Amino acid sequence: MTKKRDGVINIVPSPSNHPLLPQGVCPRSLGFLLASNMNRDSNKEVRLRGKIRRIIFEAPDSGYAVVELDNGVVVAGPFDGQIRVGLPIVVVGEWKQHPRYGPQIQMSYFEVPADLSDPEALTTFLAWSLRGIGKKKARLIVQFFGAKTLEILDEHPEKILSVPGIGPVTLSRIQASWHRYTTTRKLFLKLAEFGLSFRIARRVYQHFGDEALQILREDPYRLTEIPHIGFRKADEIAQQMGIPPDDIRRIRAGTLYVLREAAYQGGHVFLPAADLLQALAKLEISDPDRIQESLEALGEMHSIVIEDGKVYLRELYAAEVQIAEKLQHLLEHFPSTIPPWVIEEAIRRSEETQGIILSARQKKAVVEALRHPVFLLTGYAGTGKTTATRVIATILEHASLKIRLCAPTGKAAKRLSEATGYPASTIHRLLKFDGKQWFFHRNRPLPVDALIVDEMSMVDLLLFYRLLDALPEHVRLILVGDPAQLPPVGPGLVLQNLIQSGTVPTLTLTEIFRQEGKDGIVLNANAVREGRGLVRTRAEDFLYIEVEDEVTERIQALARRMAQHYGDRFQFLTGMRKGALGVETMNGMLREILNPNPGPGLAGLKKGDRVIQVVNNYQKVVFNGEIGRIVAVKPEDRVIEVDFGEGRLIEYEAEEIPDNLELAYALTVHKFQGSEAPVVLLPLVTEQYVMLHRNWLYTAMTRAEELLVLAGVRKALRIAIRNQRPIQQYTSLAERLHRISGR
């Protein structure tokens with residue numbers, strides 16, 4: 001829908017001279033304008049006012065909801081978690097005939113009206129538009145200023161300090177919130193001309209700030225810098241603004257868009273020129289002269305680097321070069337050595353105190369880790385990497401060295417700490433990243449003598465660069481990882497590249513340590529990794545259930561039983577988002593069992609819900625894949641609080657929830673990478689064919705700590721085991737390490 005949203009959808013009724021009221025529309029005429037749009041012809045724009053009688057459906061992951069108003073009209077659309085029963089709203093949308101549920105308004109935008117003649121309605125509006133002040137303080141403001149409330153907010157906000165109970169801190173929050181609301185609203189009215197939602201307008205404002213409108217007028221293609229806004233949408237807007245297809249801004253934006261998508265969706269560090277041209281052709285960009293001109297311009301703007309026919313985003317090229325240089329520098333600067341007899345005695349003492357017996361290979365790993373300035377310890381599930389790591393950490397500590405342990409995710413860091421007995425943190429927390437800056441870097445190196453990094457398979461190029469950048473010259477760096485795990489979500493294949501390069505001393509643990517009655521997961525995961533299929537064991541920690549008919553219903557029933565029996569220890573993993581066994585369906589089903597709490601909700605979430613952060617949020621310093629639990633829901637303030645562990649309570653406003661949080665009772669294997677759960681159920685069905693490959697299944701199986709249940713059809717299991725899909729990502733770190741080391 002690209003019709004211009006005129007002032008009728010503004011906050012109303014208001015004084016006729018207020019900027020939030022449509023020009024030429026008085027409050028008394030508004031009711032007529034709204035009522036006149038009750039014609040239910042499909043595809044006709046409608047503006048309607050009412051109160052939410054009930055919430056029929058609400059999806060926390062997308063912000064989509066279906067509500068019924070007090071006049072019986074059903075409205076569906078992106079409410080973004082900002083609704084509750086009894087809330088008065090003005091909606092704008094089009095009548096649609098739903099094939100199952102009949103006529104409903106497909107909403108594109110809604111607002112809470114500010115009726116200056118009704119103090120309670122005005123109070124509701126303030127509580128909705130001014131984030132975090134709550135209805136109590138909103139009512140105080142309305143009682144104090146009455147019909148002049150909006151005028152005060154616009155022109156004399158400092159007078160709000162006269163309201164009892166409102167101090168400087170609250171005033172600052174009110175001013176910032178009102179500015180954000182009015183600015184975002186103006187931006188929305190502009191973007192609405194091109195069919196973009198209020199949710200998109202918020203993203204644009206968050207990215208560009210107060211200059212958003214000016215930036216879009218000058219170059220609408222900059223929309224491609226914002227996640228979830230593709231090139232085609234920006235292209236559509238640009239065309240409506242009269243920008244020709246061969247405009248250099250379009251070619252530049254298309255080039256950067258392709259490179260970003262390749263990096264952050266495909267994991268590529270660069271694209272060969274031929275691949276870039278092929279991708280640009282799909283965007284209808286094919287003029288070789290204009291493409292060459294664009295590449296030269298982007299190079300001069302320091303946005304890209306072209307080397308040997310490879311096209312890099314500047315930040316990825318710089319990260320790769322500096323990683324290679326720093327690793328070579330570390331390898332050439334030997335820290336103080338620990339005498340061999342000291343290491344041997346320390347190993348013997350560790351075995352005695354920890355009640356373990358290291359294998360010959362593990363002992364060699366310990367010796368090599370302490371002998372080299374940079375060392376890579378690899379191994380598959382059950383080969384004793386953690387045990388060797390614990391002994392290494394113990395010896396380093398006894399040598400009076402300052403050691404730190406870290407991992408890429410909070411769950412992985414917690415597991416590392418529990419397994420070794422030493423404190424561990426995420427890499428971001430180790431380097432004290434505050435959302436904007438890294439406290440530790442090359443000019444302020446981390447005060448550490450030895451650093452152990454676990455779960456290296458998850459560490460992408462940019463994060464590894466930040467870590468190396470913060471290390472002092474004389475440091476022992478020990479990297480631990482499983483090369484059979486899925487690759488990192490971000491760009492690069494750091495662990496695989498380090499192994500391929502042959503420049504970093506590496507030892508691989510291969511012997512699987514069996515535990516009586518508890519080796520089913522390890523033995524079968526490694527059997528899958530080797531392509532041998534499942535093996536029979538008497539272990540109590542592994543169960544394979546073959547299902548040949550009524551597959552979906554039986555797996556769903558099994559999931560319900562397991563959730564009832566194991567409670568919060570249970571995790572459902574899958575390869576799909578959609579479908580009967582996908583994340584969206586199973587989250588709703590399992591939540592009814594694992595969190596039946598009937599308490600107040602917000603954006604489809606409620607207290608006690610297990611949730612996962614689905615994007616990197618640098619402002620809140622919480623990252624993609626972190627799992628937490630909602631500990632507080634405050635409908636009046638329209639905020640929730642999530643406990644992510646390590647003493648981190650993160651607050652989310654209602655409109656932030658859909659872009660950041662999803663339920664986590666059911667997750668994809670990719671999202672759960674780096675985490676573990678006591679009990680895991682993994683369905684194996686042919687519907688998830690795209691995901692059925694050996695690395696995926698191996699990674700999924702190794703997420704279970706105490707019990708793993710595989711359930712599904714034998715054909716899907718065979719496909720996953722036989723499909724050894726090579727990781728196809730363009731990286732050049734291994735080559736760069738080769739060159740710089742002279743090997």
Side-chain angles (χ1 to χ4, degrees), residues 7-23 25-31 49-52 70 81-90 110-186 188-189 198 202 205 210 600 602 632-641 651-656:
V8 177
I9 63 168
N10 285 317
I11 301 169
V12 289
S14 307
S16 58
N17 63 347
H18 194 275
L20 294 184
L21 184 73
Q23 188 172 4
V25 177
C26 68
R28 291 185 180 86
S29 69
L30 181 72
R49 182 173 180 171
K51 284 187 177 181
I52 297 175
D70 55 0
Q82 303 183 65
I83 52 174
R84 58 180 171 79
V85 173
L87 184 71
I89 59 173
V90 174
F110 87 99
E111 278 195 328
V112 175
D115 188 344
L116 296 184
S117 65
D118 182 347
E120 189 58 28
L122 185 56
T123 296
T124 300
F125 162 71
L126 284 187
W128 180 81
S129 59
L130 301 179
R131 305 298 183 241
I133 71 163
K135 205 162 187 178
K136 183 177 179 181
K137 289 181 179 177
R139 183 173 286 110
L140 289 173
I141 294 171
V142 171
Q143 288 173 348
F144 199 89
F145 295 110
K148 292 186 176 181
T149 297
L150 299 185
E151 179 185 336
I152 293 296
L153 283 168
D154 283 335
E155 300 177 10
H156 304 288
E158 70 282 355
K159 291 184 178 181
I160 296 176
L161 284 174
S162 303
V163 179
I166 303 291
V169 173
T170 303
L171 173 62
S172 177
R173 188 184 306 161
I174 288 171
Q175 287 180 289
S177 186
W178 184 246
H179 175 75
R180 179 175 59 178
Y181 171 73
T182 54
T183 305
T184 305
R185 192 181 170 288
K186 291 175 186 174
F188 168 75
L189 291 175
F198 194 66
R202 277 200 306 270
Y205 179 71
D210 291 344
L602 193 65
V633 177
K634 304 173 183 177
E636 289 294 322
D637 294 336
R638 296 179 48 247
V639 298
I640 64 171
E641 286 184 358
E651 187 176 88
Y652 294 84
E653 295 177 0
E655 67 270 21
E656 295 177 314

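These figures come from a predicted structure and were not determined experimentally. Values reported hereafter were calculated over all heavy atoms of this structure, with side chains retained and with hydrogens, waters and symmetry mates removed.
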Which residues share a side chain to side chain donor-acceptor pair (under 3.5 Å) with Lys634, sequence neighbours left out: Glu641

Side-chain donor or acceptor of Thr182 paired with backbone N/O of His179 under 3.5 Å: yes

Short side-chain to backbone donor-acceptor contact, Ser177 and Ser129, under 3.5 Å: yes

Validation row: Phe125, Pro113 side chains within 4.5 angstrom (heavy atoms): no

Distance-minimising heavy-atom pair for Pro119 and Ser117: CD-O, 3.7 Å

Heavy-atom closest contact (Ala127 atom, Ala138 atom, distance): N-CB, 3.8 Å

Residue list, side chain to side chain donor-acceptor pair (under 3.5 Å) with Glu120, at least two apart or on another chain: Lys135, Arg139

4.5 Å side-chain heavy-atom contact, Leu126 and Leu153: yes

Contact check, side chains of Ile141 and Ile174, non-hydrogen atoms, under 4.5 Å: yes

From Leu130 atom CG to Arg180 atom CZ, the distance as rounded to the nearest 0.5 Å: 10.0 Å

Expected output: side-chain Ser172 to main-chain Pro168 donor-acceptor under 3.5 Å: no

Pairwise distance CG(Asp118) to OG1(Thr124) - rounded to 0.5 angstrom: 8.0 Å

By side chain to side chain donor-acceptor pair (under 3.5 Å) - contacts of Asp70 (at least two apart): none

Partners meeting side chain to side chain donor-acceptor pair (under 3.5 Å) with His156 (sequence neighbours left out): none

Side-chain donor/acceptor pairs under 3.5 Å, residues 142-150, sequence neighbours excluded:
{"from": "Thr149", "atom 1": "OG1", "to": "Gly146", "atom 2": "O", "distance (Å)": "2.6"}

Side chain to side chain contact (heavy atoms under 4.5 Å, CB included) partners for Leu171, two or more places apart: Ile160, Leu161, Gln175

